[in-house]
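Some notes on the structure that comes next.
So that the names make sense, note that chain A is the first sequence line, chain B the second, and so on, each numbered from 1. Computation of the quantities below employed the complete heavy-atom set of this structure, encompassing side-chain atoms and omitting hydrogens, waters and symmetry-equivalent molecules.
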There are 2 protein chains.
Amino acid sequence: MQTPEPTLADVAARAGVSVATASRALTGARPVSDTLHRKVRDASRELGYRRNAVASALRLQRTETVGLVLPRYTTGFLSALIESVSDGLERNDLSLVLRYSEPDALHDVGNVESLMARRVDGIIICPSSLEASQESIEAAGPVPIVQVGRFVITDRSDSVGLDEDRATAMLIAHLVEREARRLLVVGLDPDAPADARRIRALRGAAEGAAAVDVAPFTPAVLDGGIRAAERLVAAGPGALPDAIICANDDVAAGVLAVLRMRGITVPGRVQVVSLLDLAPGREDLTVTTLRHPWPEMGREAVRLLLDAQQRRREPVGERIARRVSLAPQLVPGHSTREHPGPAPAPAAAAAAPAVIPDPKETP
Amino acid sequence: MQTPEPTLADVAARAGVSVATASRALTGARPVSDTLHRKVRDASRELGYRRNAVASALRLQRTETVGLVLPRYTTGFLSALIESVSDGLERNDLSLVLRYSEPDALHDVGNVESLMARRVDGIIICPSSLEASQESIEAAGPVPIVQVGRFVITDRSDSVGLDEDRATAMLIAHLVEREARRLLVVGLDPDAPADARRIRALRGAAEGAAAVDVAPFTPAVLDGGIRAAERLVAAGPGALPDAIICANDDVAAGVLAVLRMRGITVPGRVQVVSLLDLAPGREDLTVTTLRHPWPEMGREAVRLLLDAQQRRREPVGERIARRVSLAPQLVPGHSTREHPGPAPAPAAAAAAPAVIPDPKETP
DNA sequence: CAAATTCTGGCAAACGATTACAGCACCTTG
DNA sequence: CAAGGTGCTGTAATCGTTTGCCAGAATTTG
């Protein structure tokens, strides 16, 4: 059955009409008499005709396709974003073409260029870095592009990002409610602008209620967490903070493993939290973490993109970039105390009481 | 700068040649004199010309595009597959268009149909179910399609899957080496064919060395693990097995949470393993798990697909479906004992000895 | 009944790149 | 110098759809 794919001309011939009529009958671009309409539909079905999206795109100058560019090094925590973007696009009969960038600004630009060559109708990009952001947006030229994620510049294109202030505030509140006064940050690099900003935000949120120290920088991976924790433990019991704030779940896992090995109880002696949930889909309750609202971010990105396409006809000059900030969700795990208030007696820690103490209001 | 995208005709005009020559100079389809070659390249650069992939695809009857169809309900553990497929395709200058299927056979077929309308050059599909598998392969007609994942039928198309026998054997060996004799399976449904097969495989691997019981079925999610574990604990200490085999990491997380709450030590009293790693990228060392080789599976899928494209010219009749089976990797976590052999004295469990006992050879 | 209007369907020209074919210039060789 | 190559370049057809324009039919209106 190596039959060549049937074309509109075949359908028209079978229905005894011209290709023009066949096209109009199938697309409904113009009213067609009822009998012909039926004849064409039947012929189309009988031949198993599928409209050639390529030819259509060429003629219409519209591919019904949106490009999504993501940084590759992410260990999969962006898949929720992919799914929600894909979902939003599908609802609007748009296809998704996906591209990963190596962590390197040029590659980001190259991906945008290549999508442009495919004549996508729009682009959603999670830039690998700030420089990448700038250049890739320019590469998109006239087609709408929206940025989503961490490195976004707000004056060139619409963007969706995290509400970092709310994020840090939530985390600090959670810890302060649980009597943590000495906090230690692990896995953030004070010399990196984005990390520095986050550290400032943490200090700001802790103002007066807790002290925020920063551990000597170790990379934000499992092993970095292990190294930082071992250095900490080696410094003696006095050096232990009340809580450790880790850059992400991997770092937290490393820290937890070391503490466990050294017999330091969590969350009894030290509490541990993570700033970034690496595997949003997974519910393992291990570490208290900030879950980024990836599904919502994807939805918003698609919404902004479609909206931007709507207004392409409008006067160009007055277009103003829109920025959407979303708050993360704090997912409590076993690495912070179950209820606000002072630490329960060590023995009772395993089987926590069912009585819930009044939470301290600390806005 | 709302300039319309330059076309090949513009480039030709600027270089003072015909479009034919311009095309040949840029694609290198046929030799072009050196001076013209340079002139065309320069003109192309000056105008910022980007070849229109749509027009090219129409003419060449080849879109340089591959479709990837995935089941949506997966909580992100397929992202490693996406990345490796994307990587493999990029090396061959192919684009990836991604589609998610709702867990519903028709949707799978619809996605393949829609990819066909886009005239993709090939399809990689992770079918949602066995029925989906059958129909969607037929929908692909003459374009090469390869299946990857769990539900594959082997006689219609090339496929990449897990080596289930090796998988279960590795897991059982790991447990038996660690003195587990009474094993309990949680989260598998004996009435579902695929699960039943897996249970049989476990029993077969345990033959003589351990007994495999199956807990009353609870869904393979966090809450299912919690419910199963509570029922187990309620049955009294005598009912506890030596090891619990969970359907996936979420189930294991639920089981661990309950055991921890009830003061049952892991891995001291009970060991816990998972059959399916839900978040391959993440390294949290919590539960001993089988990690599916998603990156390798993606690579293999791409390889099979490209290879199938190569041989499309060959006689059709003799094409024979190929099946690639890959073994998973056993990732040890804190939920099974660190070293093979009998359980260490409870006090020594925290700081395990650096001496490694001879592993028991149990092939 | 004629004229004006509406409706339907077909012809043919796009969309932008590739390529079979033909043509022209130049070089080699008898 | 002529015949036959060889090597570039240009003309035009082609891929499959959509759609502006036109012609004829059908319907309404004066």
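- Side-chain contact check for A/E135 versus A/V112: every heavy-atom pair is 4.5 Å or farther apart.
- You'll find that the side chain of A/Q61 is closest to C/dG16, out of C/dG16, D/dG16, C/dT18.
- Summarising the geometry, the separation between CG on A/N52 and P on D/dC15 is reported as 12 Å, rounded to the nearest angstrom.
- Here C/dC15 presents its C1' atom at 4 Å from CG of A/L58, a figure rounded to the nearest Å.
- When rounded to the nearest whole Å, the span between CZ of A/R62 and P of C/dG16 equals 15 Å.
- Among the atoms of the strands shown, none is found under 4.0 Å from any heavy atom of B/V54.
- Applying a 4.0 Å cut-off to non-hydrogen atoms, the residues of residues 28-43 of chain A that approach DNA chain D are A/R30, listed by residue number.
- Contact annotation: A/T21 reaches the phosphate of C/dG10 (side-chain N/O to OP1 or OP2, under 4.0 Å).
- Evaluation of atom-type donor-acceptor distances gives a pair under 3.5 Å for the side chain of B/R24 against the base of D/dG10.
- Between the CG atom of B/L60 and the P atom of D/dG16 there is a distance of 12 Å, rounded to whole Å.
- Contact check on B/R62 versus B/D121 returns no salt bridge, with no Lys/Arg side-chain nitrogen under 4.0 Å from an Asp/Glu carboxylate oxygen.
- Computed from coordinates, the A/R50 CZ to D/dT17 P distance equals 12 Å when rounded to whole Å.
- Separation of atoms CG (A/L98) and CG (B/L68) is listed at 9.0 Å; rounding is to 0.5 Å.
- Side-chain N/O atoms of A/S128 and A/R72 include no donor and acceptor closer than 3.5 Å.
- The CG-P distance, from A/L26 to D/dT19, rounds to 13 Å in whole Å.
- You'll find that the side chain of B/R59 is closest to D/dT14, out of D/dT11, C/dA12, D/dT14.
- We find that CG of B/L8 is positioned 14 Å from P of C/dC15, with the value rounded to whole Å.
- At least one side-chain nitrogen or oxygen of A/R51 sits closer than 4.0 Å to the OP1 or OP2 atom of D/dT18.
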Between B/L26 and B/R51, does a side-chain contact (heavy atoms from CB on, under 4.5 Å) hold up when you go through it step by step?
CA-CA 9 Å; B/L26 292 179; B/R51 174 160 60 129; over 6 Å; no
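- For D/dG16, the OP1/OP2 oxygens have no side-chain nitrogen or oxygen of A/T7 closer than 4.0 Å.
- Of the candidates A/L96, A/V66, A/I124, A/V302 forms a side-chain contact (heavy atoms from CB on, under 4.5 Å) with just one, namely A/I124.
- A salt bridge is defined here as a Lys NZ or Arg NE, NH1 or NH2 lying under 4.0 Å from an Asp or Glu carboxylate O, and A/D42 with A/R38 fails to meet this definition.
- Taking 4.0 angstrom as the limit, B/S56 places a side-chain polar atom (N or O) nearer than this to OP1 or OP2 of C/dT18.
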